[in-house]
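A quick note: this is a predicted structure, and the numbers were derived from the prediction, not measured. Reckoned from all heavy atoms, side chains included, excluding hydrogens, waters and symmetry mates. Chain A is the first sequence line, chain B the second, and so forth, proteins listed ahead of strands; every chain is numbered from 1.
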Amino acid sequence: MYNMKKVGMRGVFVIRIEDDFDLEKIADSGQCFRWQRDGDGFRIPFRDSLLFIRKVGPQDYEVDCTEEEFDSIWRPYFDLVRSYRAIRGKIKKKDDPVLFEAAKLGQGIRILKQDPWEMLITFIISQRKNIPAIRQAVEAVCRAAGKKKTAKDGTEWYMFPSAEEIASLSDEALASCRLGYRDKYVRAAAEAALRGEIDFRKLSALSHEDCLVELQKLYGVGIKVAQCVSLFGLHHLDAFPRDVWILRVLDEVYDGGKNYRFDAYAPYNGVMQQYLFEYYRNKNAREVSV
DNA sequence: AGCCAGGCTTTCT
DNA sequence: AGAAAGCCTGGC
């Protein structure tokens, strides 16, 4: 899938990625809310690691970690063992011209393998918020409850807080994150995790459908949030979150969803959802701004 | 049982 | 002012 070559500096090397991979599109795709633009690259927090990555050639990316760290942490995170070009190739223009166009514009999007706990809290917070507001709220929770870290180059950042750390916040401290009515959902999820009522090690052994049932037992978690956690946190690539944009495109293009061919794209409907989401959101944004 | 309206906090455009 | 990657509650 990719070749690697060192460029000399300690803990810095260049990786070649010969598949769909577009940092800008992934950053804007609404699946990750903590990526930070930094110069011509991105700083990406994940568990207790922080990666700086920037594009240095058509398929070449400089990363500030060791090869071992890239292989063990970041290759799975970016899902580089899978070919998204091949998934995109399943879409035929004659079968579905809208999805074909969406996938062409969305080429480079991947489904990241993110931390399921972080995804649960993040998508609880996302309810009725736009993306900039989600970023702000998630970062506030990290600052309030997460461990402070200092990267090799001195950059300070905060880990996403554990269930224990969130549960131990006072009402005042949680309220200062300004989550609005969602703060009681966040606290309930943290307390459920402490009681063992939600355990992602057990959840990862279940089918996508069983995951949805388990996740929806949590207060404040409905079908939309459950699908997002399943797709972005548990990497069930057939999960198909229906947000307002997807409901809109299913209604307007696929006759309420009847004409969208889920069977044809299984088990990758979640990838298709990302193409449709980006395409329709950007299309609408352009129309509004004109 | 299953559907639907109303309400909810805050931020961004 | 209206919309924003929704969900809960109560009433039919």
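- For the pair A:Tyr280 OH and C:dA5 C1', the computed distance is 16 Å after rounding to whole Å.
- DNA chain C forms stems at B:2-8 with C:6-12, B:10-13 with C:1-4, each a run of 3 or more consecutive Watson-Crick or G-U wobble pairs whose two key distances fall under 3.5 Å.
- Nucleotides C:dG2 and B:dG7, compared at atom P, are 16 Å apart to the nearest Å.
- A:Gln273 comes within 4.0 angstrom of a nucleotide base, judged by non-hydrogen atoms across all strands.
- A:Leu247 has its CG atom 15 Å from the C1' atom of C:dA3, to the nearest Å.
- For the pair A:Ile111 CD1 and C:dA5 C1', the interatomic distance rounds to 13 Å; values are reported in whole Å.
- Taking the six-membered ring for Trp and thresholds of 30 and 60 degrees, A:Phe78 and A:Trp74 have ring planes inclined between 30 and 60 degrees apart.
- A:Phe240 and A:Phe262 have their aromatic ring centers within a separation under 6.0 angstrom.
- Screening A:Asp38, A:Asp60, A:Asp40, A:Asp64 for a salt bridge (Lys or Arg N to Asp or Glu O under 4.0 Å) with A:Arg54, the sole residue that qualifies is A:Asp40.
- A ring-centre distance under 6.0 Å is found for A:Trp35 and A:Phe42.
- Distance noted for atom P between B:dC12 and C:dC7: 22 Å (whole Å).
- Scored by the ring pair (Phe, Tyr, Trp, His ring centres under 6.0 Å) test, A:Tyr254 finds A:Tyr260 as partners (sequence neighbours excluded).
- In this structure, A:Gln107 has no side chain to side chain donor-acceptor pair (under 3.5 Å) partners at least two apart in sequence or on a different chain.
- Checking A:Gly30 against A:Gly220, the closest nucleotide of DNA chain C that is more toward the 5' end is the one next to A:Gly30.
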- Going through the checks in order, is the side chain to side chain contact (heavy atoms under 4.5 Å, CB included) test met by A:Asp243 and A:Gln273? CA-CA 10 Å; A:Asp243 56 73; A:Gln273 190 269 6; 3.6 Å; yes
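- Comparing the same atom, P, in C:dA3 and in B:dG6 gives a spacing of 16 Å after rounding to whole Å.
- For the ring pair (Phe, Tyr, Trp, His ring centres under 6.0 Å) test, residues two or more places apart in sequence or in another chain that qualify with A:Tyr61 are A:Phe21.
- Residue pairs meeting the side-chain hydrogen bond (donor to acceptor under 3.5 Å, both in side chains) criterion with at least one member in residues 186-203 of chain A, sequence neighbours excluded, are A:Asp171-A:Arg187, A:Arg195-A:Glu197.
- For residues 211-232 of chain A, the set of pairs meeting the salt bridge (charged side-chain N to carboxylate O under 4.0 Å, His left out) definition, not counting sequence neighbours, comprises A:Glu214-A:Lys217.
- Comparing the same atom, P, in B:dT9 and in C:dG10 gives a spacing of 15 Å after rounding to whole Å.
- Protein atom CD1 of A:Ile26 is 18 Å distant from nucleotide atom C1' of C:dA5, rounded to whole Å.
- A side-chain donor-acceptor contact under 3.5 Å links A:Gln31 to the backbone of A:Arg110.
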- side chain to side chain contact (heavy atoms under 4.5 Å, CB included) evaluation trace for A:Tyr185 with A:Ile125: CA-CA 9 Å; A:Tyr185 302 157; A:Ile125 290 172; over 6 Å; no
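- Taking a 4.0 Å limit (strictly below) on heavy-atom distances, residues 117-146 of chain A reaches DNA chain C at A:Phe123, A:Gln127, A:Arg128, A:Lys129, A:Asn130.
- Between A:Phe232 and A:Gln216, the one whose closest nucleotide on DNA chain C sits nearer the 5' end is A:Phe232.
- Residue contacts shown for A:Phe277 include a base, since a base heavy atom lies under 4.0 Å away.
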Run the side-chain donor-acceptor check on residues 128-138 of chain A: report pairs under 3.5 Å with partners two or more places apart or on a different chain.
residue	atom	partner	partner atom	Å
A:Asn130	OD1	A:Ala133	N	3.2

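- Rounded to whole Å, atom C1' of C:dA5 lies 14 Å from atom CD1 of A:Ile109.
- Residue pairs meeting the ring pair (Phe, Tyr, Trp, His ring centres under 6.0 Å) criterion with at least one partner in residues 189-217 of chain A, sequence neighbours excluded, are A:His208-A:His236.
- Between A:Ile223 atom CD1 and C:dC8 atom C1' the separation is 16 Å, expressed in whole Å.
- Protein chain A contacts DNA chain B over a range whose 5' and 3' limits, counting nucleotides with an atom under 4.0 angstrom from a non-hydrogen atom, are B:dC8 to B:dC12.
- With a glycosidic angle more than 90° from 0, C:dA4 adopts the anti conformation.
- Within 4.0 Å (heavy atoms only), A:Gln274 reaches at least one base atom of the nucleic acid.
- Using a 4.5 Å cut-off between side-chain heavy atoms of Ile, Leu, Val, Met, Phe, Trp and Tyr, A:Leu50 falls into a hydrophobic cluster with A:Trp157, A:Met159.
- Near DNA chain C, defined here as any heavy-atom distance below 4.0 Å, the residues from residues 165-187 of chain A are A:Tyr181, A:Tyr185, listed numerically.
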